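All remarks here apply to the structure that follows.
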Amino acid sequence: MESKFKIHNTQTRSLEEFVPLDPPRVGLYVCGPTVYGDPHLGHARSAITFDLLFRYLQYSGYKVRYVRNITDVGHLENDADEGEDKISKKARIEQVEPMEISGYYTRRYHQFMDRLNVLRPSIEPLASGHIIEQIEMIKVILDHGYAYLGNGSVYFDVQAYNNDHPYGVLSGRNIEDMISSGRTLDGQSDKRSPLDFALWKKASPEHIMRWPSPWSDGFPGWHMECSAMSAKYLGQRFDIHGGGMDLVFPHHDCEIAQSVAATGHQSARYWMHNNMITMEGRKMGKSLGNAISLEQFLTGDHPLLQQAYSAMTIRFFILQAHYRSTLDFSNEALQAAQKGLERLMEAARTIEKIPVSDASTVDVATLEADFRRAMDDDLNSPIAIAGLFDWVRVINSLRQGDGKITAQDKELLQNAFHVLLTDVLGLVDESETSGKEIVAPLMEMVLEVRKKARENKDWATSDIIRDRLAAVGIQIKDGKDGTEWEIK
RNA sequence: GGUCUGAUGGCCGAGCGGUUAGGCAGAGGUCUGCAAAACCUCGUACAGCGGUUCGAUUCCGCUUCAGACCUCCA
């Protein structure tokens with residue numbers, strides 16, 4: 001648990017050493033999905049980024065409480081006062097209960113995150129299950145004079161807040177700029193200023209999702225849930241708050257304002273944001289209509305996809321880029337990731353076949369040390385993976401008899417490689433579950449026949465066997481000491 | 001319009017004031033009955049123009065281009 005771990009803090013825009021408030025405990029809060037649609041690649045990036053953080057912190061010896069919310073209270077479609085929220089809208093279109101929608105898409109989200117080997121968070125609170133906490137927090141903000149009532153709704157008074165505390169500290173905005181560059185406001189009659197945002201919204205008659213409150217039957221504003229639920233489960237101060245970069249403003253700036261307005265201080269000490277996945281240079285997003293869902297990636301059922309991609313390929317593809325860089329989707333890039341991952345996994349399987357010697361010509365200790373150095377530098381997974389590939393070469397060379405390794409070092413290597421690959425990067429060998437055990441006896445038989453043919457220099461027969469097996473996805477490799485095979 | 005970020009070889013993608021990123025694709029070689037796999041070798045990329053410097057892809061300025069946020073958004 002050396003605390004030389006550095007992370008990029010969005011608020012200071014610089015690399016900072018990570019020092020937890022109460023080591024070895026770490027409190028981590030990440031904004032989860034709004035469950036009104038199928039998860040797409042963007043959701044995967046965010047989930048995988050913070051899954052990596054979660055795993056790496058645990059690997060580093062921390063006890064992490066990881067909270068990731070499910071937003072099942074519909075947000076308004078836009079900034080206007082009137083309008084339908086997304087979940088209600090979807091419910092109306094599909095003629096079901098709003099809770100049916102959020103329940104369905106929550107399950108879908110879990111299903112795909114499980115496939116991507118994204119660990120479930122420690123706590124996954126629902127916004128709809130914390131209406132009381134949100135109402136209580138709104139009351140405090142009202143008491144402190146940073147909010148006002150308007151026709152049954154409660155709005156955050158940005159101007160009043162800004163007089164005491166700077167607003168927009170995360171995004172680096174100031175309210176003068178925001179006012180001067182303000183967009184035209186239409187019909188926002190209840191708000192004093194277009195910068196103000198809703199803490200509680202009075203529900204219009206057709207609005208289905210509603211709860212009673214001291215002010216009206218309505219629903220909480222879209223920034224409230226994170227402030228209320230993070231405080232409930234992680235306390236008024238906690239370590240890391242994460243989310244997608246597109247949430248920096250207004251969502252996280254509003255969240256900061258709410259927390260400061262209620263408690264007098266900020267809640268999170270480090271803010272981390274993952275960058276977007278782009279598609280032909282443009283952000284991939286539902287609203288832009290260029291999002292490919294995870295299901296489509298897994299089935300290949302999308303006009304832009306040349307083939308299906310495995311969940312691990314997607315995970316590896318995302319891990320091969322730094323989380324703060326945009327990552328451009330293309331079939332070529334995914335296919336490259338697929339090949340690279342196969343090579344990595346193959347090497348992991350090869351380790352046990354390495355012959356041992358009485359001395360080592362390789363320094364196994366550098367494997368983990370180099371990996372940590374990369375990860376300590378703001379979770380630089382691409383460098384960490386590059387280091388693993390260096391060892392792929394070493395492993396394959398050792399396997400061929402170039403260089404030596406002791407039995408002890410071999411075991412260290414095997415353990416370390418497995419821990420880093422599987423536990424930290426979360427990359428699991430998909431081929432292990434592809435029914436190898438079932439075909440193994442058959443393969444033994446087939447290869448014996450082929451061996452006979454080869455001994456008789458009956459190349460035609462041996463090649464037919466090889467080609468037929470290749471056709472059904474089993475690759476044969478003739479080596480010095482026999483023939484190996486694997487399912488592709 | 002405001003705020004901010006980026007531009008790296010065929011593709012994806014790291015990085016840094018002078019030294020090999022890595023993966024995929026490609027070329028040559030070793031091995032092999034032939035393959036496949038593996039291993040070895042290779043390509044001299046850092047948008048353009050200035051500036052700082054002994055030296056810049058890396059620092060500064062300008063230009064061009066692209067993107068994100070300012071509306072729900074991972």
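Just so it is clear: chains get the letters A, B, ... in the order the sequence lines come, proteins before strands, and each one is counted from 1. Values in this document were obtained by computation on a predicted structure and should not be read as measured data.
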Can you check whether A/Arg282 has a side-chain N or O nearer than 4.0 Å to OP1 or OP2 of B/G67? yes

Could you work out the separation of B/C31 and B/A45 based on their C1' atoms and round it to a whole Å? 33 Å

Which residue, A/Leu421, A/Asn117, A/Leu388, forms the side-chain contact (heavy atoms from CB on, under 4.5 Å) with A/Leu427? A/Leu421

Taking the six-membered ring of A/Phe50 as reference, does the NZ or CZ atom of A/Arg68 fall below 6.0 Å from its centre and within a 45° cone about the axis? no

By salt bridge (Lys or Arg N to Asp or Glu O under 4.0 Å), which residues pair with A/Arg373, not counting sequence neighbours? A/Asp370

B/G23, OP1 or OP2 - any side-chain N/O from A/Arg393 closer than 4.0 Å? yes

Answer yes or no: does a side-chain N or O of A/Asn274 lie under 4.0 Å from OP1 or OP2 of B/A74? no

Does a side-chain N or O of A/Lys339 approach OP1 or OP2 of B/A25 to a distance below 4.0 Å, or not? yes

Any chance you could measure A/Phe156, atom CZ, to A/Ser193, atom OG, to the nearest 0.5 Å? 12.0 Å

Do A/Lys451 and A/Glu444 sit within salt-bridge range, that is, some charged N less than 4.0 Å from a carboxylate O? no

What interatomic distance, in whole Å, is found between P of B/G6 and the corresponding atom of B/U58? 13 Å

With P as the reference atom in both, quote the distance from B/U41 to B/G23 in angstrom, rounded to an integer. 12 Å

Ring centres under 6.0 Å, that's the criterion: do A/His273 and A/His252 meet it? yes

Distance col, row A/His322:NE2 vs A/Asn274:CG, nearest 0.5 angstrom, shows 10.5 Å

Is RNA chain B part of any stem, that is, at least 3 consecutive Watson-Crick or G-U pairs with both distances under 3.5 Å, and where? B:1-7 with B:64-70, B:10-12 with B:22-24, B:26-30 with B:38-42, B:47-51 with B:59-63

Separation of the C1' atoms in B/U8 and B/U44, to the nearest angstrom: 13 Å

Please tell me if A/Arg343 has a side-chain N or O lying less than 4.0 Å from either OP1 or OP2 of B/A38. yes

Candidate nucleotides B/C69, B/A74, B/A37, ranked by approach to the side chain of A/Lys477 - the nearest: B/A37

Report the distance from atom CG of A/Leu41 to atom OH of A/Tyr309, rounding to the nearest 0.5 Å. 11.0 Å

Name all pairs fulfilling the salt bridge (Lys or Arg N to Asp or Glu O under 4.0 Å) condition that reach into residues 27-54 of chain A, sequence neighbours left out, sorted by first residue then second. A/Asp38-A/Arg108, A/Asp51-A/Arg55, A/Asp51-A/Arg315

Compare side-chain N and O positions of A/Lys283 against OP1 and OP2 of B/C69 and report whether any pair is under 4.0 Å apart. yes

Taking only N and O in the side chain of A/Asn275, is any of them less than 4.0 Å away from OP1 or OP2 of B/A74? no

Please list residues of residues 451-471 of chain A whose heavy atoms come under 4.0 Å from any atom in RNA chain B, ordered by number; otherwise none. A/Arg454, A/Trp459, A/Ser462, A/Asp463, A/Arg466

Distance, P atom - from B/C4 to B/C12, rounded to whole angstrom: 28 Å

Mind listing the side-chain donor-acceptor pairs of residues 460-474 of chain A below 3.5 Å, one per line with the distance, residues two or more places apart or on another chain?
| from | atom 1 | to | atom 2 | distance (Å) |
| --- | --- | --- | --- | --- |
| A/Thr461 | OG1 | A/Asp458 | OD1 | 3.1 |
| A/Thr461 | OG1 | A/Asp458 | OD2 | 2.4 |
| A/Ser462 | OG | A/Trp459 | O | 3.2 |

Of the nucleotides B/C39, B/G23, B/G2, which has the atom closest to the A/Asp402 side chain? B/C39

From the set B/A68, B/G22, B/C70, return the single nucleotide nearest to any side-chain atom of A/Asp390. B/G22

Which ones in residues 320-332 of chain A lie close to RNA chain B, meaning a heavy atom under 4.0 Å from one of its atoms? A/Gln320, A/Ala321, A/His322, A/Ser325, A/Thr326, A/Leu327, A/Asp328, A/Glu332

Looking at B/G23, B/A74, B/C69, which one has an atom nearest to any side-chain atom of A/Thr34? B/A74

Closest to the A/Ala386 side chain, choosing from B/A74, B/A21, B/A37: B/A21

